[in-house]
Novice: 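My questions all concern the structure below.
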Amino acid sequence: MTLRRLALPTGVVALGLGAVALVEPGLIPLDPDRFVVSLVGVLALVQALRVARSRYRDTVDEADTPDPERPVATPTPGDELETAATEFLGRQRAFHYRTRIEDGLRTAARTVLTRYGPYSDAEARALLETGAWTDDPYAAGFLGDVDAPSPSLRSRIRGVLGDESSFQRSARRTVDEIAAKAGSTPSSTRETAEDSGPNEPEADGADLTRPATTRNCEADVNTDGGVPRESGVTGHWRGVSVVALVGIGVGILVEQPAVLLAAVVGVGFAAYARSSAFVAGDVSIERRLGDEEPEPGDEVEVTVTVSNDSDRFLPDLRVVDGVPEALAVTDGSPRCGTALRPGASTTFTYSITARRGVHRFEPTLVLARDLSAERERELSFEVDGSLTCRPLLRAGTEPLTLRERTSQYVGQVETSSGGEGIEFYATRDYQPGDARNRIDWNHRARTGELTTVEFRKERAATVVLVIDARTAAYVAPAPYAAHAVDRSVEAAGQLFATLSDAGNRVGIAALGAEPCWLPPSAGVDHSVKARELLATHPALSPVPTEARSAVARWRKRLRKRLSPGTQLVFLTPLSDDYATHFARRFDEYGHPVTVVSPDPTVDRTAGHRLAGVARTIRTSTLRSAGIPVIDWPSDEPVDVALARYDERWSR
Amino acid sequence: MREVDRSPTRLSSGVAVGAGFVALLSPGLYSWTALAVGTLGLALLAAGVARGARSAVTVGALGLFAGAIVAGVRGAPVLPVLFGVTTAVLAWDVGGNAISVGRQLGRNGDTTRIEAVHAAASTAVGVAIVGVSYALYRTATGGQPVVALVLFLVAAVLLIQALD
């Protein structure tokens with residue numbers, strides 16, 4: 001460091017002496033010989049090497065830009081085998097990674113064997129210990145004790161050649177066996193998983209293990225009105241002095257003016273990089289939306305105008321617009337690079353596809369550089385703007401079969417008592433006081449007896465649609481596919497319309513980050529409110545919010561709000577045990593629960609398959625507790641799932 | 001959904017490779033060694049610009065620069081060497097900018113203007129430098145004392161060190 005500090009004054013002195021020597025050669029009594037001159041050349045070359053090394057070490061340091069084109073990715077249950085396995089363990093936790101997976105899988109296997117097989121818990125334990133529960137030697141050996149069968153030496157040696165570790169292979173095959181016992185794995189996908197070789201597990205979606213609440217975005221600090229961030233040196237020109245130093249060094253050593261002059265080029269560019277005084281002038285950003293309240297699926301054109309409000313030329317502006325987190329860019333690009341003269345402006349457009357919800361635009365990122373690109377400054381502009389998309393509540397073709405429990409209002413649920421209604425129910429003997437138009441006059445003409453016709457009494461149900469919108473419910477079969485919360489909301493809208501049309505009193509509640517409650521009611525105003533709530537309520541936001549939900553307290557409040565006999569339709573992906581717990585609790589409280597469950601599980605990897613098994617177990621737990629579960633696969637509309645359920649139910 | 005294409009932008013990449021060609025040919029016509037070294041450099045530069053590898057661009061440009069120096073050592077005239085060195089630096093600068101714009105904005109956005117402005121500015125600086133150095137060469141034709149020259153060079157090395 002002291003060397004560097006000395007370099008400047010010494011250099012200036014040398015420059016001055018040189019000037020003097022140029023004018024009055026006699027004043028400088030030095031007569032540099034060949035050796036001294038060469039020494040200067042060698043020193044220059046050594047210095048060139050040092051500069052080159054420093055360029056090699058510190059490469060260019062420039063700002064990163066986010067990927068606003070992509071919506072936030074949603075995780076899939078079981079992206080990590082470990083998480084999927086430990087879920088079976090409940091509270092208990094093992095310290096070692098392998099032990100955790102082993103214990104988790106053992107519990108899973110025991111649960112599956114006792115639930116889907118004819119075994120008691122003790123029998124299942126014994127079967128697991130001896131390895132007799134499966135034909136697969138890997139799975140048997142993995143969960144069994146030392147005497148359990150294990151894979152043959154030959155297949156183990158063959159396994160060494162694969163990319164998969166023996167632990168991974170055993171874990172994967174154990175999961176497959178468990179899944180087969182639970183009957184939840186379609187064989188076709190399992191075969192492809194096996195075929196694609198041993199390196200397949202955990203490769204898929206491994207980078208999506210973190211709950212993707214924010215984008216890969218380091219520039220998303222919310223600042224208002226273009227607050228300048230520290231301007232920094234990008235290092236774009238770092239190392240250009242090598243040209244100068246090599247020119248001087250080689251030029252001196254070989255005594256060629258052409259080479260020596262090359263040094264001037266290096267000095268010139270180094271000076272250029274250093275010279276440009278950097279001002280990130282006043283920039284303003286304006287955004288216009290083609291439609292602020294589009295229908296779902298509509299393409300909305302976004303036009304962004306960038307203006308230079310300063311009186312200086314801005315040679316390098318790199319603009320990345322803050323596309324709302326949940327929306328995908330379908331056409332054009334939300335990025336633009338432009339140079340603006342004072343007062344000039346430029347526009348660029350891109351299209352986004354609307355989805356349900358309120359979508360606020362994120363801050364716009366502007367990277368301003370000087371002409372030589374040596375300096376860079378990050379600016380973040382908060383440009384107000386949001387897009388609200390309210391889907392219409394359309395009744396589906398399939399009615400939802402509610403459970404038998406009714407309120408005093410006329411409505412959909414068919415009761416097994418006769419009275420006033422439309423559908424014929426029974427005839428009975430005339431009793432004094434029966435209305436004259438209810439007497440079966442045909443019967444009277446034939447037999448002379450007075451009988452009264454009774455119709456089936458139809459009573460309304462009071463139904464509350466409860467949407468599971470906890471962070472755990474933001475799961476989807478693929479990173480950018482519709483997640484369970486979106487599908488639940490969509491289904492809730494349809495069910496709301498169907499149930500209200502049938503004369504029921506319908507309310508909406510959500511289990512999520514914020515309290516969300518629409519008391520059961522009927523009428524046009526009510527359905528307008530429901531539509532607004534489903535589209536815009538913060539608890540049902542299209543991307544998970546950071547806020548932690550106080551679910552337990554909320555559950556108590558919901559219970560107080562429900563009038564006796566109110567039915568619940570619980571829309572949940574059943575991605576954790578809390579969902580089952582919730583459904584059973586309310587069922588026990590005397591509120592009949594029907595679960596509609598969008599299925600977020602896939603069978604890409606062992607972890608995903610295990611998460612699928614866990615969900616299957618939850619489903620059957622609920623069913624055995626008498627709670628109907630309508631399983632809704634991700635590739636069909638909810639009507640199909642309802643129809644399938646209805647068919648089974650009426651049989 | 002559109003994927004983000006973060007590979008180096010086309011315009012700057014093209015300009016960089018074009019500058020690299022000039023940097024290869026103008027001194028390369030005077031020396032076979034220079035041509036060989038420069039060709040290697042150009043190949044690396046082109047690969048770096050195509051793949052978005054900054055170090056390849058840097059090393060490639062260094063190869064082109066080395067080619068020009070070799071030609072100079074072998075006695076090539078001043079102008080072609082000056083030209084070679086300047087265009088090698090230009091290729092490095094514009095290639096690096098192609099990668100930078102590609103990383104930050106990608107190929108989908110409209111980036112023509114910043115690329116054009118950056119390349120034009122650097123070219124103008126390069127032309128000015130070549131002009132000044134050639135003028136320097138023409139005016140300072142011997143006669144000046146060696147002491148002065150050596151002191152100037154020492155000063156140059158020290159000042160570069162101080163500024164870098």
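Reminder, nothing fancy here: chain letters follow the sequence lines and each chain counts from 1.
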Novice: Taking 4.5 Å as the heavy-atom cut-off, does anything in residues 67-82 of chain B contact chain A, and if so which residues?
Specialist: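 Within residues 67-82 of chain B, the residues under 4.5 Å from chain A are B:I69, B:G72, B:V73, B:G75, B:A76, B:P77, B:V78, B:V81, B:L82.
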
Novice: Given a strict heavy-atom distance threshold of 4.5 Å, which part of A:V250 is in contact with chain B: side chain, backbone, both, or neither?
Specialist: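 The side chain, not the backbone.
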
Novice: With a 4.5 angstrom heavy-atom cut-off, is it the side chain or the backbone of B:T58 that approaches chain A, or both, or neither?
Specialist: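 Only the side chain of B:T58 comes within 4.5 Å of chain A.
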
Novice: Regarding A:T65 and B:R6, is there a side-chain donor-to-acceptor distance under 3.5 Å anywhere?
Specialist: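 Side-chain D/A pair, A:T65 to B:R6: present.
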
Novice: Looking at every heavy atom in both B:V117 and A:P315, which two are closest together, and how far apart are they?
Specialist: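 Scanning both residues, the minimum pair turns out to be CG1-O, 3.9 Å.
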
Novice: Please identify, among A:V267, A:V242, A:L261, the residue contributing the most non-hydrogen atom pairs under 4.5 Å to chain B.
Specialist: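 Option with the greatest count: A:L261.
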
Novice: Is the closest side-chain heavy-atom distance between A:R318 and B:S100 below 4.5 Å?
Specialist: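 The answer is yes; the side chains approach within 4.5 Å.
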
Novice: Tell me the closest heavy-atom pair linking B:F152 and A:G18, and the distance in Å.
Specialist: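 Smallest heavy-atom distance, with atoms named: CZ-C, 3.8 Å.
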
Novice: Out of curiosity, B:L158 CG to A:L6 CG, how far, rounded to the nearest 0.5 Å?
Specialist: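 Reported value, rounded in 0.5 Å steps: 9.5 Å.
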
Novice: Could you state the interatomic distance from OG1 (B:T86) to CZ (A:F269), rounded to the nearest 0.5 Å?
Specialist: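 Rounded to the nearest 0.5 Å, the OG1-CZ separation comes to 6.0 Å.
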
Novice: Between B:G109, B:S55, B:G84, which residue shows the highest count of heavy-atom pairs closer than 4.5 Å to chain A?
Specialist: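 Heavy-atom pairs under 4.5 Å are most numerous for B:G109.
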
Novice: What's the shortest heavy-atom distance between A:V264 and B:I129, and which atoms?
Specialist: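 Looking at all heavy atoms of both residues, the closest pair is O-CG2, 4.0 Å.
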
Novice: Only pairs of heavy atoms separated by less than 4.5 Å count here; which of A:T234, A:V319, A:I248 has the most with chain B?
Specialist: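 Of the candidates given, the most pairs with chain B belong to A:I248.
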
Novice: Answer yes or no: is there a side-chain heavy-atom contact under 4.5 Å between A:L15 and B:L151?
Specialist: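 No. Closest side-chain heavy atoms not under 4.5 Å.
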
Novice: I need the residue from A:T346, A:T10, A:V254, A:D316 with the largest number of non-hydrogen atom pairs under 4.5 Å to chain B.
Specialist: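 Going by pairs under 4.5 Å, I would pick A:D316.
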
Novice: Does any backbone or side-chain atom of A:L253 lie under 4.5 Å from a heavy atom of chain B? Answer side chain, backbone, both or neither.
Specialist: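 When you check distances to chain B, no heavy atom of A:L253 falls under 4.5 Å.
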
Novice: If every non-hydrogen atom of A:R55 is compared with every non-hydrogen atom of B:W92, which pair is closest and at what distance?
Specialist: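 Minimum heavy-atom contact is NH1-CZ2, 3.3 Å.
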
Novice: Closest approach of B:V154 and A:A14, non-hydrogen atoms and distance?
Specialist: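 Scanning both residues completely, I find the closest heavy atoms to be CG1-CB, 4.3 Å.
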
Novice: Can you tell which of A:V320, A:V259, A:V40 has the highest number of heavy-atom pairs within less than 4.5 Å of chain B?
Specialist: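 Option with the top pair count is A:V259.
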
Novice: Please look at B:S122 and chain A and tell me whether the side chain, the backbone, both or neither of the residue comes under 4.5 angstrom of a heavy atom of that chain.
Specialist: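 Contact with chain A is through both the backbone and side chain of B:S122.
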
Novice: Please rank B:R113, B:R54, B:E115, B:Q104 by heavy-atom pairs under 4.5 Å with chain A and give me the top one.
Specialist: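 Highest number of heavy-atom pairs under 4.5 Å: B:Q104.
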
Novice: More than 12 non-hydrogen atoms from neighbouring residues, nucleotides or ligands closer than 6.0 Å to CZ on B:R107, yes or no?
Specialist: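 Counting neighbours around CZ of B:R107, more than 12 heavy atoms of other residues, nucleotides or ligands fall under 6.0 Å, so yes.
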
Novice: Hey, which of A:A339, A:G268, A:P334 has the most heavy atom pairs under 4.5 Å with chain B?
Specialist: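 Of the candidates given, the most pairs with chain B belong to A:A339.
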
Novice: Just give me the residue among B:L105, B:T112, B:T111 that pairs up with chain A most often, heavy atom to heavy atom, under 4.5 Å.
Specialist: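 That would be B:L105.
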
Novice: Are the side chains of B:F65 and A:V246 in touch, meaning some heavy atoms are under 4.5 Å apart?
Specialist: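 A side-chain contact exists here, since the closest heavy-atom pair is under 4.5 Å.
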
Novice: Return the CG to CZ distance between B:N97 and A:R369, rounded to the nearest 0.5 Å.
Specialist: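 Between B:N97 CG and A:R369 CZ, I get 6.5 Å after rounding to 0.5 Å.
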
Novice: What orientation do B:H118 and A:H236 show, parallel under 30°, tilted 30 to 60°, or perpendicular over 60°?
Specialist: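 The arrangement is perpendicular - the two ring planes meet at more than 60°.
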
Novice: Report yes if the side chains of A:W237 and B:V89 come closer than 4.5 Å at any heavy-atom pair, otherwise no.
Specialist: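 Heavy-atom side-chain distance check passes, below 4.5 Å.
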
Novice: Find the one option among B:I99, B:V130, B:V132, B:D93 whose heavy-atom pairs under 4.5 Å with chain A are most numerous.
Specialist: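 Result: the option with the highest number of such pairs is B:D93.
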
Novice: Where does A:F348 contact chain B at under 4.5 Å (heavy atoms): side chain, backbone, both or neither?
Specialist: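 Neither part.
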
Novice: Just to verify, what does B:R103 make a side chain to side chain donor-acceptor pair (under 3.5 Å) with, not counting sequence neighbours?
Specialist: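 Once residues adjacent in sequence are excluded, B:R103 has no partner under the side chain to side chain donor-acceptor pair (under 3.5 Å) criterion.
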
Novice: Please classify the contact of A:A63 with chain B as side chain, backbone, both or neither, using a heavy-atom distance under 4.5 Å.
Specialist: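 Both backbone and side chain of A:A63 come within 4.5 Å of chain B.
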
Novice: How many angstroms lie between atom CG of A:L314 and atom CD1 of B:I114, to the nearest 0.5 angstrom?
Specialist: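 Result: 12.5 Å between the selected atoms.
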
Novice: With a 4.5 angstrom heavy-atom cut-off, which part of A:L43 approaches chain B: side chain, backbone, both or neither?
Specialist: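 Neither part.
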
Novice: Less than 4.5 Å to any heavy atom of chain B: does that hold for the side chain of A:V13, its backbone, both, or neither?
Specialist: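 Neither part; nothing is under 4.5 Å.
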
Novice: Name the member of B:T9, B:V85, B:V125, B:V101 that forms the most heavy-atom pairs with chain A at distances under 4.5 Å.
Specialist: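 With the most close heavy-atom pairs to chain A, the winner is B:V125.
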
Novice: Given heavy-atom pairs under 4.5 angstrom as the criterion, report whether the side chain, backbone, both or neither of A:I352 touches chain B.
Specialist: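 The answer is neither part of A:I352.
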
